[in-house]
Amino acid sequence: MLLESYIDVRQRSERICAPLKTEDYVVQPIVDVSPPKWHLGHSSWFFEQFILKPYQKGYQEFDANYNFVFNSYYETVGARVIRTNRGNLTRPSVDEVMGYRTHVDEAMRSLLHHADQLPQEIKELATLGLNHEEQHQELLLTDIKYILGHNPLFPPYYQNRSNGVLAYVQTSDKLTTERSVSIDEGLYQIGHNGQGFCFDNELSVHQVYIPSYSIHKQLVTNKEYLEFILDGGYQNFRFWHAEGWDWVKNNQIEAPLYWHKIDNVWQHYTFGGLQDINDSEPVCHVSYYEAAAYASWKGKRLPTEFEWETAADKINWGKRWEWTESAYLPYPNFKKLPGAIGEYNGKFMVNQMVLRGSSIATSPGHSRKTYRNFFHPYLRWQFTGIRLTN
């Protein structure tokens with residue numbers, strides 16, 4: 001089963017990149033966007049560094065320089081290319097990176113061929129590696145969209161939606177036709193119970209007292225957000241945090257990312273190319289600053305991550321990562337694992353906001369209500385949206 005999962009995950013990464021031209025693999029337009037070939041190399045490096053080199057007897061490292069090239073942020077592992085310089089990596093070539101993947105895949109398939117006989121530690125590391133690559137699959141999609149969406153030609157990523165890498169979740173009103181769901185005050189259980197895979201930041205289960213509140217079942221739509229724009233939302237400081245207002249002014253922000261006003265008509269870049277705004281679709285690619293400002297304009301607020309998780313079974317989610325009002329902090333009794341694996345989540349628990357849910361770019365199996373995504377409040381290249389709370 002582990003071998004089959006490995007094959008499926010690795011093939012999906014390559015399917016995601018299949019529509020790209022060679023030149024698309026090497027672009028890094030901003031620091032937050034990594035070149036697609038770097039993602040492909042880094043996810044392979046993870047398996048080589050943490051499984052094959054320490055556990056596979058006789059394994060031959062593909063290239064000693066790749067530890068420097070494809071290490072992301074693991075201080076324990078050694079020196080690495082600075083993130084801002086990933087776009088300068090004209091070498092290794094795309095072909096060499098794909099050769100690296102083949103080399104790692106052959107060794108991993110050999111190792112996992114008798115997975116039932118492997119020590120539990122190796123199986124857990126392999127499972128972590130697969131989930132790690134699935135995270136990078138979502139980053140691949142969002143980074144590819146940024147690369148193509150900032151190309152002056154606005155080239156489409158696909159010609160149709162049948163490539164099998166986008167979820168395109170069609171949610172429905174599962175319970176009632178009411179706009180909001182009311183939740184009573186009380187103590188609620190938060191966090192992952194440890195059954196099945198989860199990341200360490202989802203542990204451990206604990207109780208949180210939550211006052212009564214109501215939360216909207218649906219996400220804010222493009223039409224609703226356009227009303228905020230037309231009402232001068234981006235020109236009125238009263239709706240914005242001070243830091244958010246500085247961000248708007250310094251960057252001349254007037255609309256969500258990928259929105260363009262052409263011949264007095266709002267359009268936006270999609271994976272299918274430049275298209276008219278779909279009024280009924282959830283607004284996408286907004287920062288925390290924009291989400292909070294919109295909520296303030298509506299006289300409402302964003303939910304905390306605990307309110308979101310408590311209401312998750314009663315609301316429709318899955319199309320957009322949803323900004324919450326919660327800072328990214330450790331749960332009670334959170335403990336970082338020893339060594340490099342312990343650098344995975346814990347050291348980022350500062351100056352970031354939690355997002356909940358999932359998006360159309362989220363890999364299969366990562367849509368669970370305890371999942372804690374996190375980003376700096378100014379970022380919006382991910383598929384981020386807005387849900388309101390009273």
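In what follows, every heavy atom counts, from backbone to side chain, and hydrogens, waters and symmetry copies are set aside. Fair warning: this is a prediction, and the values are worked out from it, not measured in the lab.
When side chains are defined from C-beta on, Pro364 counts as touching Arg12, because their heavy atoms get closer than 4.5 Å. Residues Thr22 and Asp95 are not in side-chain contact: their nearest non-hydrogen atoms beyond the backbone lie 4.5 Å or more apart. When side chains are defined from C-beta on, Val220 counts as touching Leu388, because their heavy atoms get closer than 4.5 Å. Taking 4.5 Å as the limit, some side-chain heavy atom of Phe383 sits within range of a side-chain heavy atom of Ile360.
Side-chain contact annotation: Ser34 with Arg86, donor-acceptor N/O pair under 3.5 Å present. In this model, a donor atom of one side chain and an acceptor atom of the other lie less than 3.5 Å apart for Asp143 and Trp381. Looking only at atom types and distance, the side chain of Glu322 has no donor-acceptor partner in the side chain of Trp317 under 3.5 Å away. Donor-acceptor pairing under 3.5 Å is recorded for the side chains of Tyr59 and Glu48. Under the 3.5 Å distance criterion, with hydrogens and angles disregarded, a donor-acceptor pair is assigned to the side chains of Ser358 and Ser367. Side-chain polar atoms of Asn351 and His376 form no donor-acceptor pair below 3.5 angstrom. Side-chain contact of Tyr328 with Asn201: a donor-acceptor pair under 3.5 Å is present, judged by distance alone. Glu307 and Thr389 share no donor-acceptor pair across their side chains, judged by distance under 3.5 Å alone. No side-chain donor from either of Thr304 and Glu325 sits under 3.5 Å from a side-chain acceptor of the other.
Follow the hydrophobic side-chain contacts under 4.5 Å out from Phe228 and you reach Leu230 in the same cluster. Residues Ile30 and Leu89 fall within the same hydrophobic cluster, defined by Ile, Leu, Val, Met, Phe, Trp and Tyr side chains chained together at heavy-atom separations under 4.5 Å. Grouping the Ile, Leu, Val, Met, Phe, Trp and Tyr side chains by contacts below 4.5 angstrom, directly or via other members, places Leu52 with Ile7.
Applying the ring-ring contact (aromatic ring centres under 6.0 Å, His included) rule to Phe334 yields no partners; only residues at least two apart in sequence or on another chain are considered. Applying the salt bridge (charged side-chain N to carboxylate O under 4.0 Å, His left out) test to Arg380 and every residue at least two apart in sequence or in another chain returns Glu290. With sequence neighbours excluded, the residues satisfying salt bridge (charged side-chain N to carboxylate O under 4.0 Å, His left out) with Glu202 are Arg368.
Side-chain atoms of Tyr258 never come within 3.5 Å of backbone atoms of Cys284 as a donor-acceptor pair (strictly under, hydrogens ignored).
Checked against the 6.0 Å centroid criterion, the rings of Phe46 and His136 do not qualify as a close aromatic pair. Tyr294 has its ring centre less than 6.0 Å from the ring centre of Trp297.
Salt-bridge annotation for Glu61 and Lys53: present, with a side-chain N of the basic residue lying under 4.0 Å from a carboxylate O of the acidic one. Salt bridge annotation for Arg101-Glu14: present, with a cationic side-chain nitrogen under 4.0 angstrom from a carboxylate oxygen. The residues Lys300 and Glu224 are annotated as not salt-bridged, no charged nitrogen and carboxylate oxygen being separated by less than 4.0 angstrom.
Ring geometry for Tyr331 against Phe306 counts as tilted: the plane angle lies between 30° and 60°, on a 0 to 90° scale. Ring pair Phe199/Tyr371 is perpendicular by interplanar angle, where above 60° counts as perpendicular and below 30° as parallel. Ring geometry for His42 against Trp38 counts as parallel: the plane angle stays under 30°, on a 0 to 90° scale with 60° as the upper cut. In this structure, Tyr234 and Tyr225 have perpendicular ring planes: the angle between them is above 60°, well past the 30° mark.
Of the candidates His285, Glu138, Lys145, Glu138 is the only one forming a side-chain contact (heavy atoms from CB on, under 4.5 Å) with Gln382. Here the options are Trp247, Phe375, Tyr378, the test is ring-ring contact (aromatic ring centres under 6.0 Å, His included), and the partner is Tyr289; only Trp247 passes.
The side-chain tip of Arg10 does not point at the ring of Phe47 from less than 6.0 angstrom away and within 45° of straight on.
Closest heavy-atom contact between Trp259 and Val283: CZ2-CG2, 4.3 Å.
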